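Shown next, in structure tokens, is the structure this report addresses.
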Amino acid sequence: MGVTPIRPGQLAGVPLGRRAATPIIEIDHVSQVFKTSSRRDHIALSDISLTVGEGAFVSILGPSGCGKSTLLYIVGGFVSPTSGIAKMKGKPITGPGTDRGPVFQEFALFPWKSVLGNVMYGPLQQGMKASKAEALARTLLAMVGLTGFEKFYPKELSGGMKQRVALARTLAYGPEVLLMDEPFGALDAHTRTRLQNDLLDIWERDRKTVLFVTHSVEEAVFLSDKVVMMSRSPGRIREVIDIDLPRPRRREELLLDPNYQRYIVEIERMFDASGDNELPS
Amino acid sequence: MNGMLKPLAPVLACCGLLLAWQLASLGLKNDSFPTALESLRAIPPILTDKESLINILASLRRMAVGFSLALAFSIPLGLLMGRSRATAAFFNPLLMLIYPVPKAALMPIIMLWLGVGDVSKTLVIFLGVSLPVIYHSFEGAKAVEEKMLWSGAAMGLSPSERLLRIVLPAALPEILTGCRTGLVLALITMVTSEMIARQSGAGNILFNALDMGQYDTVFAMIIIVGAMGICLDAAFEIVRRWLVRWSEPQFDMPLSFS
Ligand SMILES: Nc1ncnc2c1ncn2[C@@H]1O[C@H](COP(=O)(O)OP(=O)(O)O)[C@@H](O)[C@H]1O
Ligand SMILES: [Mg+2]
């Protein structure tokens, strides 16, 4: 088995491997400056340009504080950039929309709704009939492994289960793009691994576009077609790396794959070289 | 506390209080301080007298109206203030001004303008209840997790839908804490308003009896009003617990009579 060297310097916008995907998200010279109490304003994002192809799984990887969340919020339409423009399917993003579904590290479930109620919320909002919405919610809950927990309130669930509900809730209203902000960051290692596997299984079924923020190199390499490496102060894209690993990916196989190991080592080396060594391995 | 003892504790406390009262009153032998037994014996005549019942029911009606109007006004206002800086900036100075004024102290002016009838008394109750409810609704709305609102926005909820369907339920535990304080304040302002504008009501019976030196009736009325307060609070607490059964235990009331 030949070891393919990775090709750093492959820039954003270059079509992904064999799949010449149409762009679904275009981020064009986006900068974000936050006013601070001190004299100098804080530049959270500086001149970010990135294109995400339809159906791609793209990770944004970088040390904490480099603006990963801010970038995701801009794509979500929750925050508007100081300058530059973000587009979804060619249309400028001016606010949140059902075409982009966020999944937050904090879960952000509706605590007054049962698990089923949370997942049904979006479909009902879109005018789906209650019986149909319930059937859909039950299917999705089965898919994330939560059959039997429909009547539970969020407070009765563990962190991993809450995140499964949050994922099902977002999938339920059928967004074209999933925006995941360190969704597994608050979970223990074992739970995180299981959720990564399950997320890939779900993604394999319909290949929704995923923009996935993480600060774990392994997580980014394991999940992604493309890893966007960011550095901080100011937040910039320093490298975009295509991850040429076979799919569907199985963790047991990947761990034995020298290419997988090589990607991880190379990415860590690049972060070390830049002095951004706060990145946990 | 011991599981067997817990439900008995309030009963024991009441018995202890009555016993201390009885002994103190027997010891002091003062006309204006009837014994506990005499006061308790004065309760049934009040509760069987048609006139008194009409008065007490009138009090309760004013209290219910004042309390309901206050909630209908204060919860939306508090929620809006919690989510909109401009609204908060506009109403805050006004509320800061009203906050330290004892609402009953406004009674003479209100009576001057609106007379001694139901309107004045209901208005005072309304004012008394409003402030804690506005304050707690404001705090509750301010504390709503932004990501929850973003999740709603991504599902297509408009700003007003988010206020009604996310901010309101998310802030409900805090709002109900304010309502519980408001309920007790409603009882207090109800009695005080009737003390000032003597015309009808439970407070009126009490102060009339005081004027006529019927001290057992005075104490009986204090017991009746107190019992009303405890029952209303306990009933409200049952409703509150049911409404927020989904919430994390940190929202539980530190103080509870049940
Ligand atoms: N609303 C805000 N106001 C001021 N500064 C902010 C705000 N949001 C983020 N920042 C700052 O911008 C930088 C990037 O934040 P963030 O996007 O959360 O980074 P990351 O998700 O990579 O950890 C951080 O230094 C953070 O303190
Ligand atoms: Mg972040």
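If you're wondering where the values come from, they're calculated on a predicted model, not measured in any experiment. Excluded from the calculations below are hydrogen atoms, water molecules and symmetry mates; all remaining heavy atoms, backbone and side chain alike, are included. Note on naming: letters A, B, ... go to the chains in the order of the sequence lines (proteins, then strands), and numbering restarts at 1 for each one.
- Taking a 6.0 Å sphere around OH of B/Y135, one finds it holds 12 or fewer heavy atoms contributed by other residues, nucleotides or ligands.
- For A/E106, the parts lying under 4.5 angstrom from a heavy atom of chain B are both the backbone and the side chain.
- Atoms OH and CZ, from A/Y153 and B/R245 in turn, are 4.0 Å apart once rounded to the nearest 0.5 Å.
- Both the backbone and the side chain of B/L157 come within less than 4.5 Å of a heavy atom in chain A.
- The interface of residues 142-155 of chain B with chain A, defined by heavy-atom distances below 4.5 Å, comprises B/E145, B/K147, B/M148, B/W150, B/S151, B/G152, B/A153, B/A154, B/M155.
- When all heavy atoms of A/P111 and B/W246 are compared, the pair lying nearest together is O-CB, 3.3 Å.
- The local environment of NZ in A/K155 is crowded, with over 12 non-hydrogen atoms from other residues, nucleotides or ligands closer than 6.0 Å.
- Neither the backbone nor the side chain of A/L179 has a heavy atom closer than 4.5 Å to any heavy atom of chain B.
- Environment of CG in A/L157: crowded, with over 12 heavy atoms of neighbouring residues, nucleotides or ligands closer than 6.0 Å.
- The contact between A/F78 and chain B is made by backbone and side chain atoms together, counting heavy-atom distances below 4.5 Å.
- The environment of CZ in B/R165 is crowded: more than 12 heavy-atom neighbours from other residues, nucleotides or ligands sit within 6.0 Å.
- The CD1 atom of B/I166 sits 5.0 Å away from atom OH of A/Y121, with the distance rounded to the nearest 0.5 Å.
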